[in-house]
Amino acid sequence: MPPSTLPGEAPATPDPVPVGVATTLGPYRLVGRADVFGPVSDQGLATVGRADGTTAVVYRGTLDVTPTLRAQGWDHVGDPGGWRGWVVDAFQGRPDAKVFRSTGPDGQVVEAVHPLAPSEEANNSFAAVSPDGRLTVSGEWQVERRFLVFPTPGVAAPASSSLPLVGTVALDRPARDVQGCAFVDAVTLVCATADPGTDLWPVPDQVLRVRLARPLTASIPAATGAVPPATPATVTLLGPVPAASLCVGAYEPEGVDVDPATGRLRVEVVPPGQCATATQVYEYRPG
C-alpha cells in the first residue's frame, strides 16, 4: 500500500485559526487548520521523507482498508508512523493477532504479524516509529498503563509471521483510548486520546506528553512468554484536542504527527455529523 497521493500532502498555508479553539497546547502554538477529504485521512497521518530530500504528509483513512486486507481479517487501520521514507501502518481486526505493514521508499511492502501475548488487547491504534527507526511503539485500548514496543518491520525486522513484543512503556498515569502518538525526540512522544471522560484527566479528549526515562532499547525475549523489559514514562497533560465545527455532536480525535525537520505538531480530529466528510488537521509550531 503506497503512500496516499489524494490529497497526499497538507496544504502549504493552513486556514486561519478557528474561533473558539485554544491557541496553545503546552509549548505549542496553534497556527491554523486544514480540512482534508475524510475517507483518505480519517484514521491518521505521518510526515514521510522523499527521495529528493523533501517531505510529504501521508494520510490514512477508511479507504486504506482494502478488500484484500478485509479478506485477511484486518478491518481497521490506525495512525501511521513515518521514518526516512518509510511508512509503518498498524492494522487490527482479528481476535488473535495484529499486523504491521511497512512501505519502503521504493514502494516495497514488508508485512509482519504479531500473535497476541497473554492479556494483550487486539487493538492496534497507532504506530509511532522511534527516531532511529528501529522500534515501533503501539497502543491498545480501554484504560491502559502501558504502550507496546516492536521491532520496525523492514528496518529492524524482516517480513515474518511472528513479530515479537520486545518491550513496553510503563505509564505513570493511565490514559484511555489513545488514538495516535508521534515521537518528538528519542525520549518524548505526543499522543491524543478519544477519551470523553474527565475521571482520568481534567479535560476530555486529551493531548498528552509522554516522557520516557531513557531512549528505548529492546531485545527479543529469550523464552516464549518471557516478560519484556519496561521503560518508565511520565505522562502530562498539554491540553484538550482542538475542535470547532458548524455541526453539533461528538468529535473523534485521530492521528498525531510531528515533523522531524521543523518540530511542527499536527493533531487530527473528525468533526460530528455531516461535517465528518472532511478531517480537521490542526497545526502547531513549537516554542
Side-chain angles (χ1 to χ4, degrees), residues 1-4 43-51 55-56 58-60 64-66 68-94 96-117 120-140 146-169 178 180-183 186 189 215-222 224 226 228-229 231 255-258 260:
M1 182 168 54
S4 301
Q43 298 299 325
L45 74 171
T47 298
V48 181
R50 291 167 158 170
T55 60
V58 171
Y59 296 92
R60 287 293 183 259
D64 286 295
V65 184
T66 63
T68 299
L69 288 166
R70 290 187 183 278
Q72 296 171 351
W74 313 117
D75 61 11
H76 180 271
V77 63
D79 181 37
W83 181 79
R84 295 188 182 178
W86 289 84
V87 184
V88 181
D89 286 301
F91 287 91
Q92 67 183 54
R94 285 171 42 182
D96 62 333
K98 55 190 70 170
V99 68
F100 293 90
R101 303 177 88 238
S102 296
T103 305
D106 59 357
Q108 182 178 1
V109 175
V110 175
E111 183 175 292
V113 176
H114 167 67
L116 299 188
E120 183 180 343
E121 299 280 351
N123 307 92
N124 202 16
S125 55
F126 65 87
V129 184
S130 62
D132 65 2
R134 296 185 55 80
L135 297 172
T136 293
V137 175
S138 184
E140 297 170 273
R146 68 175 187 178
F147 292 152
L148 307 178
V149 182
F150 303 93
T152 303
V155 179
S160 169
S161 60
S162 184
L163 184 71
L165 176 65
V166 296
T168 62
V169 174
V178 178
C181 288
F183 275 91
L189 298 97
L216 292 176
T217 59
S219 59
I220 297 175
T224 301
T231 301
V256 175
D257 172 56
V258 176

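Numbering starts at 1 and runs along the sequence shown.
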Q: Please test L69 against D64 for side-chain contact (heavy atoms from CB on, under 4.5 Å), starting from the C-alpha separation and ending with a verdict.
A: CA-CA 9 Å; L69 288 166; D64 286 295; over 6 Å; no

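- Residues T136 and A127 approach most closely at CG2-CB, 3.8 Å, considering heavy atoms.
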Mind listing the side-chain donor-acceptor pairs of residues 70-83 below 3.5 Å, one per line with the distance, residues two or more places apart or on another chain?
unit_1	atom_1	unit_2	atom_2	d
H76	NE2	Q43	OE1	3.0
D79	OD1	L45	N	3.0
D79	OD2	V256	N	3.2
W83	NE1	P131	O	2.9

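- A 4.5 Å side-chain heavy-atom check between V166 and V149 finds at least one atom pair inside the cut-off.
- Summarising the geometry of A128 relative to C181, their closest heavy-atom pair is CB-O, 3.6 Å, with the distance given to 0.1 Å.
- Between H114 and L148 the shortest side-chain heavy-atom distance does not fall below 4.5 Å.
- Ring geometry for F100 versus F150: interplanar angle of 30 to 60°, hence tilted.
- Within the 4.5 Å cutoff, the side chain of V129 has no heavy atoms near those of the W86 side chain.
- With values rounded to the nearest 0.5 angstrom, F147 atom CZ is found 7.0 Å from L189 atom CG.
- Between N124 and V99 the shortest heavy-atom distance is ND2-O, 3.4 Å.
- A donor-acceptor contact under 3.5 angstrom links the side chains of D132 and S130, judged on distance only.
- Counting all heavy atoms, side chain and backbone alike, V258 lies closest to A182 at N-CB, 3.8 Å.
- For the pair A157 and L163, the tightest heavy-atom approach, listed with the atom from each and the gap, is CB-CD1, 4.0 Å.
- The minimum heavy-atom distance between V110 and G154, with the atom names listed, is CG1-N, 3.7 Å.
- Applying side chain to side chain donor-acceptor pair (under 3.5 Å) to K98 and the options E140, Q92, E120 leaves one that passes, E120.
- Atom OG1 of T55 sits about 14.5 Å away from atom CZ of R84, to the nearest 0.5 Å.
- Residue R146 qualifies as enclosed at atom CZ: its count of foreign heavy atoms under 6.0 Å is above 12.
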